Amino acid sequence: MTIRLYDTNARQIRDFAPLTPGCVSIYLCGATVQAAPHIGHVRSGLNFDIMRRWFAYRGYDVTFIRNVTDIDDKIIRKAAEQNRPWWSIGYENERAFDDAYSALGCLPPTYEPRATGHITEMVEMMRGLIERGHAYEADGNVYFDVRSLPGYLSLSNQDLDDLRQPSEEGETGKRDPRDFAMWKAVKPGEPSWETPWGRGRPGWHLECSAMAHKYLGSAFDIHGGGIDLIFPHHENEIAQARGFGDTFAEYWVHNAWVTMSGEKMSKSLGNSVLVSEMVKRWRPIVLRYYLGTPHYRSTIEYGEEALREAESAFARIEGFVQRVTELAGGPAEPAAEVPPAFAEAMDDDLGVPQALAVVHTTVRQGNSALAADDKEAAVARLAEVRAMLGVLGLDPLDAHWAGEADRGEDLHGVVDSLVRLVLDQREAARARKDWPTADAIRDRLGESGLVVEDGAHGPRWSLGPR
């Protein structure tokens with residue numbers, strides 16, 4: 001089967017054809033580290049983690065680059081507001097992003113370059129663009145001449161005559177107000193690096209063009225990021241790269257936002273939900289389920305009720321995994337292949353919602369096998385479920401999530417002993433056909449947040465959704 005992806009530039013779903021057979025190269029715009037991440041930031045990382053896992057499952061050798069923007073106007077402003085060195089803010093928040101990605105089960109990138117580590121490559125790219133007539137120096141700034149490149153704005157499908165290019169203070173000497181800054185002349189108190197055009201610092205767009213070229217070459221397969229980056233960031237990346245002579249990305253893939261009250265979740269709006277706080281209230285694997293299972297091109301409207309629904313849905317999957325594991329005396333190894341319907345959904349523009357429906361169907365089949373005391377069928381379904389969850393990064397038996405099970409293990413043993421005493425009383429009531437007492441015990445346990453399930457091997461309890 002051929003993997004198909006929605007290409008923003010083509011405005012349609014295209015069959016994926018790699019530049020190098022058997023390999024896929026992905027560049028994802030990563031964090032601008034002026035503050036700690038909220039769940040809107042990490043959604044992109046999760047979506048492309050699932051993409052990367054699916055390509056690997058399909059047998060591709062994946063090179064995955066996710067950059068860190070550790071110098072830009074926002075970081076400099078934060079440094080001034082907090083009276084701290086700019087680099088300390090960047091490093092602190094880079095660590096916070098790493099913690100967030102790791103907490104939610106994202107695989108580490110192949111390389112994770114920092115912008116400040118690639119000034120030399122940026123200078124080389126600017127020199128090449130000036131030589132080719134696509135850029136010019138003015139007042140210590142270096143600008144890209146947008147009229148010099150045919151096809152500029154094809155990604156965002158805008159009209160150049162109507163363009164309003166974002167501009168910052170100090171961007172003087174432009175020949176055309178629509179030209180954008182690649183290099184910004186030094187200002188008092190700001191970090192700066194030496195160049196042939198004077199001291200200064202890089203513009204946001206230049207950083208990614210230079211780093212993509214260094215790590216993936218003049219042409220690569222997929223460039224990813226949030227839809228808010230299409231313009232100006234990705235449009236200007238393309239201009240710089242094409243002007244320099246690179247083919248650049250063959251496919252452009254963009255994920256949608258996480259919103260609150262219909263607005264994009266952002267620090268500036270004050271409506272962000274920090275990952276570091278969310279993982280204190282919700283299990284990280286549940287957060288991954290919540291953020292990773294909607295289609296990557298659909299908007300997620302944040303809400304506590306939606307999170308509770310995600311928690312309940314994942315609890316049904318996890319409960320099945322636990323029951324069969326206990327019955328079999330150990331975990332079944334994941335199946336060598338996922339079910340065909342799951343693969344078909346994932347091949348079709350990473351259709352995770354449709355793929356997840358296959359997971360839940362398989363869980364229901366497994367539960368029916370448990371009810372029929374068909375151990376062999378139940379174990380077979382568990383193997384399929386684990387294979388599918390592994391692709392989604394949601395296998396509760398994976399070593400990454402083992403820490404979740406380990407936390408509170410001693411307390412679980414104490415609670416289990418106490419609940420067993422109560423369940424023994426309930427079983428005694430059922431044996432003497434005292435159904436009101438048996439039901440009352442079950443209901444009281446339910447009020448305490450425990451779910452009791454009766455099976456062929458006796459009652460079993462678990463924590464219910466909050």
Side-chain angles (χ1 to χ4, degrees), residues 1-30 44-45 47-67 107 109-113 118 121 125 128-129 132 134 144 146 149-158 205-256 295-297 346-352:
M1 293 295 293
T2 300
I3 295 176
R4 297 176 295 279
L5 296 171
Y6 183 85
D7 179 7
T8 305
N9 192 48
R11 293 171 184 80
Q12 64 181 359
I13 293 178
R14 297 173 55 200
D15 289 350
F16 177 73
L19 291 170
T20 302
C23 299
V24 58
S25 47
I26 304 171
Y27 185 94
L28 173 64
C29 282
S44 180
N47 289 152
F48 285 90
D49 182 65
I50 292 172
M51 172 191 282
R52 179 229 192 121
R53 289 171 183 262
W54 184 244
F55 272 115
Y57 172 83
R58 279 304 197 195
Y60 286 89
D61 182 6
V62 182
T63 301
F64 180 57
I65 310 299
R66 186 182 66 213
N67 76 292
L107 299 172
T110 310
Y111 305 109
E112 191 168 24
H118 297 80
E121 289 81 1
M125 181 165 280
L129 287 167
R132 291 170 174 82
H134 293 298
F144 188 93
V146 298
L149 189 75
Y152 180 63
L153 299 179
S154 61
L155 182 68
S156 56
N157 198 29
Q158 297 184 79
H205 317 305
L206 178 64
E207 298 172 350
C208 284
S209 296
M211 288 187 284
H213 178 87
K214 178 177 178 65
Y215 291 95
L216 297 176
S218 61
F220 57 95
D221 293 307
I222 298 169
H223 195 311
I227 56 172
D228 53 317
L229 300 182
I230 294 174
F231 182 83
H233 186 48
H234 288 166
E235 198 73 80
N236 292 346
E237 276 189 64
I238 294 171
Q240 293 163 155
R242 298 271 172 84
F244 189 66
D246 289 354
T247 304
F248 214 49
E250 293 291 318
Y251 299 80
W252 286 86
V253 179
H254 292 93
N255 64 279
H295 194 274
Y296 74 91
R297 289 194 286 121
M346 292 297 291
D347 281 336
D348 188 12
D349 195 30
L350 303 176
V352 175

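Positions are given from 1 along the sequence. Keep in mind that this is a model prediction, so the values were computed, not measured.
- Taken from CD in Q240 to CG in N236, the straight-line distance is 6.5 Å, to the nearest 0.5 Å.
- At a threshold of 4.5 Å between non-hydrogen side-chain atoms, the residues F16 and V24 count as touching.
- When all heavy atoms of S44 and G226 are compared, the closest pair comes out as OG-N, 4.4 Å.
- Annotation: cation-pi geometry not satisfied between R66 and F48 (NZ/CZ under 6.0 angstrom from ring centroid, within 45° of ring axis).
- At a threshold of 4.0 Å, the pair R4-D349 does not count as salt-bridged, since none of the basic side-chain nitrogens sits closer than that to a carboxylate oxygen.
- Scanning all heavy atoms of the two residues, the minimum distance from G243 to H134 falls at O-CD2, 3.4 Å.
- Side-chain atoms of L229 and E237, non-hydrogen and from C-beta on, never get closer than 4.5 Å to each other.
- Summarising the geometry of Y27 relative to C208, their closest heavy-atom pair is OH-SG, 3.3 Å, with the distance given to 0.1 Å.
- Relative to the ring axis of F244, R132 places its NZ or CZ within 45° and under 6.0 Å from the centre.
- The main-chain N or O of G30 is found under 3.5 Å from a side-chain atom of N67 such that the two form a donor-acceptor pair.
- With a 4.5 Å cut-off on side-chain heavy atoms, M211 and I65 do not count as touching.
- Between L28 atom CG and E112 atom CD the span is 10.0 Å, to the nearest 0.5 Å.
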- Task: Report the C-alpha distance between R11 and N157 in whole Å, list the side-chain angles of each, state the deciding distance to 0.1 Å, and finish with yes or no for side chain to side chain contact (heavy atoms under 4.5 Å, CB included).
- Result: CA-CA 10 Å; R11 293 171 184 80; N157 198 29; 2.8 Å; yes
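- Remark: H234 engages H223, W252, H254 in a ring-ring contact (aromatic ring centres under 6.0 Å, His included) (not counting sequence neighbours).
- The nearest pair of heavy atoms linking A212 to F220 is CB-CE2, 3.9 Å.
- The minimum heavy-atom distance between P113 and H118, with the atom names listed, is CB-CE1, 3.3 Å.
- Put simply, the side chain of L350 reaches to within 4.5 Å of the side chain of Y296, judged on heavy atoms.
- Going from atom NZ of K214 over to atom CD of E121 covers 4.5 Å, rounded to the nearest 0.5 Å.
- For an aromatic pair to be called close, the ring centres must be under 6.0 Å apart, and Y6 with H295 fails this.
- Residues passing the side-chain contact (heavy atoms from CB on, under 4.5 Å) test with E250 are L19, T247, sequence neighbours excluded.
- In this structure, OG1 in T2 is found 11.0 Å from CG in L5, a value given to the nearest 0.5 Å.
- Between the side chain of T110 and the backbone N or O of F64, at least one donor-acceptor pair lies under 3.5 Å.
- To the nearest 0.5 angstrom, I230 atom CD1 is 8.0 Å from S156 atom OG.
- When atom types are taken as modelled, the side chain of D7 and the backbone of Y251 share no donor-acceptor pair closer than 3.5 angstrom.
- Not counting sequence neighbours, Y152 has no partner by the ring-ring contact (aromatic ring centres under 6.0 Å, His included) test.
- Listed for the D221 side chain is a donor-acceptor partner under 3.5 Å among the backbone atoms of S25.
- Between I3 atom CD1 and Y60 atom OH the span is 5.0 Å, to the nearest 0.5 Å.
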